[in-house]
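Please read the structure below before turning to the comments.
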Amino acid sequence: MSAPSTAVDLRDVLAGVPTGLFIAGRWRGATSGRIMPVENPATRQILTHVADAGVEDAQAAVTAAAAAQNAWAATPPRMRSDILRLTYERITARTDELAAVMTAEMGKPLAEARGEVTYGAEFFRWFSEEATRLNGSYGTTPDGRTRMITMRRPVGPCLLITPWNFPLAMGARKIAPAIAAGCTIVFKPAPQTPLTALLLTDILHESGLPDGVLNVITTSQAADVIEPVMCGGVLRKLSFTGSTAVGKTLLEHASHTVMRTSMELGGNAAFIVFDDADLDTAVEAAFAAKMRNMGEACTAANRIYVQHGIAEQFTAALSQRMSALVVGDGLRDGVQVGPLIDAPSHRKITGLVQDAVAHGATIVGQADLPDGDGYFYPPTVLFAPGPDSRILRTEIFGPVATVIPFDTEDDVVQAANGTPWGLVGYVATRDLNRALRVAERLEVGMVGINTGIVSNPAAPFGGVKESGLGREGGHVGIEEYLEYRYVAIPAG
Ligand code: NAP
């Protein structure tokens, strides 16, 4: 196996990552003194331990966020903008360090981790620019009797909960617009990947974010710790990224105090390849849509529908591409696919592939596995699983590409829409009319045409149906953290 390829020494980097809770501008341990381990999924070794917050710590974070809210809302937008811009610059300057930490705790190869740092940093730059453009309006009622002013106000203290698959970007997509809008924050990152989030917190603190604006709690007892603070009436907004099942539970909690919610939930994306598609473009786009983040992405192409005329060629080319991938520890040179996040994820994907084969699927290509204890799963191409296969109805969240042949446009649109999810869909064709027609018919929040990557900080990211509520990024991303206030004045 090749040597580690980090430009920084991981031990040095880890030594500089805070491991406490960050409350009211101060790092401290959990009140109970409890800590929890952070594992490297490529080696199963424990990297370090972080504080394991209990309910009292979460309450302290909420109290700190509430105490800071009014002053933060009154801060000049330019100051909020400058802090965000400085954060963007500092993240960018520390790309290697952040990427190494991310790879060590999450598993993705260093090149992908660096890509995520760039992507995540861009949210700070984007929202630094949005922070100074929060305008209201002035008008008159139709009968001419009343002047109407609308102003934009921050929604108030926000709870931000993120998953492990994009440890920097998922936090950035929420923290940056919340800061830009003048909201204070309680942030709970995923327990598998707290270190990137804690390093980001340190960078925001160094960039001049006032005490209490961002409070961070890491915990192994999310359900017990979060429900009481959500029902406490102080937090005004929840922004959650994670699974649809957990999202539904949190929506129930949010209903107790009618919290505003933004929900970025699971997906089951269809990638549709028509006969007339350029083969190379279609294969590259499907590969990107499947393998970004090793398949551990909500936008991952879960079902790749290919029209009969091109199905054989497409499957062979995709299979060749997937089988050639180098799997291993993402910190090492030349590795293109890292481990899955943990043992349950490995068990789930193993079971889905076994079930698909039992329902008629053929394994047409599979990469080699490295030696070692990591949670490695080989990139795999499955052809034609039967309609009852669980893999068609489950978010795979791993490096398994499932190819399903189809006949007509109507058939494939019906199949693509035949799921409770609706995050993203993809279309590969040279016919612009067909591309737009199918984009109009797909029940999704986003569509990629002849591309497998749709995410961009300047674009509104989000889904319909059980994939969620609200949008992150773009001009609308900040709306999630703002309320309208209307002021009526009699016209005199
Ligand atoms: P998850 O199990 O839903 O967990 C997400 C976060 O919620 C974690 O921090 C988790 O902490 C926390 N959590 C779980 N139960 C909770 C509860 N009862 N109260 C409060 N917090 C709770 O999802 P995941 O496995 O980390 O991430 C994968 C999922 O995220 C996939 O479904 C993927 O599609 C989705 N995702 C969606 C988007 C999008 O933009 N639509 C982006 C990325 C990922 P614990 O782990 O400690 O429970």
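First listed ligand is number 1; within each ligand, the first listed atom is number 1. Just so it is clear, the values below take in all heavy atoms, side chains as well, and ignore hydrogens, waters and symmetry mates.
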For [atom], what is the nearest protein heavy atom, given as residue, atom name and distance?
atom	answer
atom 23 (O) of ligand 1	S243 N, 3.5 Å
atom 41 (N) of ligand 1	L265 O, 2.7 Å
atom 11 (O) of ligand 1	K188 NZ, 3.2 Å
atom 19 (N) of ligand 1	L250 CD2, 3.5 Å
atom 34 (O) of ligand 1	E395 OE2, 2.4 Å
atom 21 (N) of ligand 1	A222 CB, 3.6 Å
atom 16 (C) of ligand 1	V246 CG1, 3.6 Å
atom 7 (O) of ligand 1	F240 CE1, 3.2 Å

Under 4.0 Å, heavy-atom basis, I'd like to know which part of [X] is in contact with ligand 1: side chain, backbone, both or neither.
X	result
T244	neither
H253	neither
R173	side chain
F397	side chain

Indicate yes or no for a side-chain donor-acceptor contact from [X] to the backbone of [Y] under 3.5 Å, with no hydrogens or angles considered.
X	Y	result
R152	L134	no
W164	P191	no
S207	I83	no
T103	A100	no

* To do: Indicate yes or no: does an N/O atom of T241 lie under 3.5 Å from an N/O atom of ligand 1?
  => no
* Sub-3.5 Å N/O-N/O distance, W164 and ligand 1 -> yes
* Asked: Does a donor on one side chain sit under 3.5 Å from an acceptor on the other, for R393 and N268?
  -> no
* **Modelled atom types, side-chain donor and acceptor of T196 and E105, under 3.5 Å** => yes
* If you count the non-hydrogen atoms of other residues, nucleotides and ligands that lie under 6.0 Å from CD in E206, is the total more than 12? -> yes
* **Pair F271 and Y426, ring centroids less than 6.0 Å apart** => yes
* Asked: So F22 and W27, would you call those rings parallel, tilted or perpendicular, with 30° and 60° as cut-offs?
  -> tilted
* Is ligand 1 less than 4.0 angstrom away from at least one heavy atom of F166? -> no
